[in-house]
Amino acid sequence: TIAWKERQIDLTKEYPEPIFLLEFNGVKFFTIGDVIVIKGKPKKGKSHLIIAYIVALLSGEYIGMSRLHKVTKLLYVDCEMHANYTALLTRKIHKAAGIDTKLNSNELIVLNLKADTPTERERIIEEAIQELNPDIVFIDGVKDITRTEPNDQAEGKRIGEELKQWSAKYDCMIAIAIHENKNDSN
């Protein structure tokens, strides 16, 4: 068990700055070890925003975003769409990043988990993170790894805690796409 003293901030020590991966208009963002939430209403462009981030990370620059730190591996996990659509999105990423659209990339690994149960999706994602050691993991459709009702707060908390543990344990950034409820006004 971990004692509280092991977590105490010691001002006699130097703590490293977080590694920022992207910059837009002078603002740095995306840091290794964090969990990032991309939230929006269904069909409002969350997947396309993720694609833009991936292209910038792979190619070095895209639509005003600049890569600050070279990434060696990205893992994109699609839990919602048909495998054909996931393949089309992957080809779009390859084309925009200047990567051959008929070959797999060693820098971008794409999984389609639509056919799997939530429990299997969770296991597969962690197994892929362990084996691939990606710098960044994008999970499109995080609600699809919930084992209960997607709006269950306890289940949301469990998944959030698990994602934080994965990002710390495997030293990667995890970005998740979350749908707002259609009746949310914010």
Side-chain angles (χ1 to χ4, degrees), residues 14-81 85-101 103-112 125 128-129 132-145 156 159-182 184-186:
E14 290 294 320
Y15 296 95
E17 286 265 334
I19 298 170
F20 288 94
L21 300 172
L22 288 174
E23 180 177 40
F24 181 76
N25 285 343
V27 178
K28 297 176 182 178
F29 62 102
F30 275 8
T31 53
I32 297 290
D34 282 343
V35 176
I36 308 295
V37 176
I38 300 165
K39 183 178 174 184
K41 297 203 184 293
K43 306 296 179 206
K44 294 297 180 186
K46 293 176 299 301
S47 295
H48 286 90
L49 181 60
I50 288 172
I51 288 170
Y53 291 145
I54 292 171
V55 171
L57 289 162
L58 291 173
S59 67
E61 190 168 13
Y62 188 66
I63 61 170
M65 290 184 283
S66 299
R67 182 181 65 209
L68 297 172
H69 181 78
K70 176 83 170 129
V71 294
T72 55
K73 196 159 293 191
L74 298 163
L75 174 61
Y76 176 81
V77 181
D78 179 7
C79 297
E80 300 179 320
M81 298 181 278
Y85 190 66
T86 306
L88 287 171
L89 284 179
T90 305
R91 286 188 180 97
K92 282 182 186 180
I93 292 168
H94 278 219
K95 184 173 183 175
I99 300 169
D100 191 323
T101 60
L103 296 175
N104 293 318
S105 166
N106 290 329
E107 292 177 287
L108 175 64
I109 308 300
V110 180
L111 304 179
N112 181 286
I125 292 168
I129 293 170
L132 297 169
N133 193 30
D135 298 301
I136 302 179
V137 178
F138 290 95
I139 303 173
D140 199 348
V142 77
K143 74 169 177 54
D144 295 307
I145 62 174
I159 289 172
E161 289 301 317
E162 186 162 55
L163 294 172
K164 283 192 273 185
Q165 288 173 6
W166 288 353
S167 69
K169 181 177 179 181
Y170 301 116
D171 196 28
C172 63
M173 186 196 93
I174 300 176
I176 58 172
I178 293 180
H179 293 308
E180 291 177 348
N181 292 328
K182 289 181 182 179
D184 281 355
S185 59
N186 54 1

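In this chain, residues are counted from 1 in sequence order.
- Nearest heavy atom pair, residue Gly33 against residue Ser167, reads O-OG, 3.2 Å.
- The backbone N or O of Asp78 lies less than 3.5 Å from no partner atom in the side chain of Asp140, so there is not a single donor-acceptor pair.
- Judged as a salt bridge (Lys or Arg N to Asp or Glu O under 4.0 Å), and not counting sequence neighbours, the contacts of Lys164 are Glu161.
- Between Ile99 atom CD1 and Leu58 atom CG the span is 4.5 Å, to the nearest 0.5 Å.
- When all heavy atoms of Ala52 and Met65 are compared, the closest pair comes out as O-CE, 3.6 Å.
- Within the structure, the side chain to side chain donor-acceptor pair (under 3.5 Å) test picks out the following pairs touching residues 52-70 (sequence neighbours left out): Lys70-Glu107.
- Taking CH2 of Trp166 as the start and CG of Asp171 as the end, the distance is 16.0 Å to the nearest 0.5 Å.
- Atoms CG and NZ, on Leu108 and Lys73 in that order, are 10.5 Å from each other to the nearest 0.5 Å.
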Apply side-chain contact (heavy atoms from CB on, under 4.5 Å) to Leu57 and Phe138, showing your working.
CA-CA 12 Å; Leu57 289 162; Phe138 290 95; 4.1 Å; yes
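- Remark: side-chain polar atoms of Asp135 are not paired, donor with acceptor, to backbone N or O of Cys172 under 3.5 angstrom.
- Here the side chain of Asn112 pairs a donor or acceptor atom with the backbone of Met81 at under 3.5 angstrom.
- Remark: Leu89 CG to His48 NE2 distance equals 6.0 Å, nearest 0.5 Å.
- Of the possible polar contacts, none joining the Lys39 side chain to the Ile176 backbone as a donor-acceptor pair under 3.5 Å is found.
- Around atom CG of Asn106, no more than 12 heavy atoms belonging to other residues, nucleotides or ligands sit under 6.0 Å away.
- The closest side-chain heavy-atom distance from Pro134 to Ile129 is below 4.5 Å.
- How far OG1 of Thr101 is from CG of Leu88: 11.0 Å, rounded to the nearest 0.5 Å.
- Just one of Val137, Ile51, Ile54 meets the side-chain contact (heavy atoms from CB on, under 4.5 Å) condition when paired with Tyr76; it is Ile54.
- The nearest pair of heavy atoms linking Phe20 to Leu68 is O-CB, 3.6 Å.
- With a 4.5 Å cut-off on side-chain heavy atoms, Met173 and Ile19 do not count as touching.
- Looking only at distances, no side-chain donor or acceptor of Thr31 sits under 3.5 Å from a matching main-chain atom of Asp34.
- Ile93 has its side chain out of reach of Val110: every pair of non-hydrogen atoms, C-beta onward, lies at least 4.5 Å apart.
- If you take OH on Tyr170 and CG on Leu132, they are separated by 12.0 Å, rounding to the nearest 0.5 Å.
- Glu23 pairs by the salt bridge (Lys or Arg N to Asp or Glu O under 4.0 Å) definition with nothing, not counting sequence neighbours.
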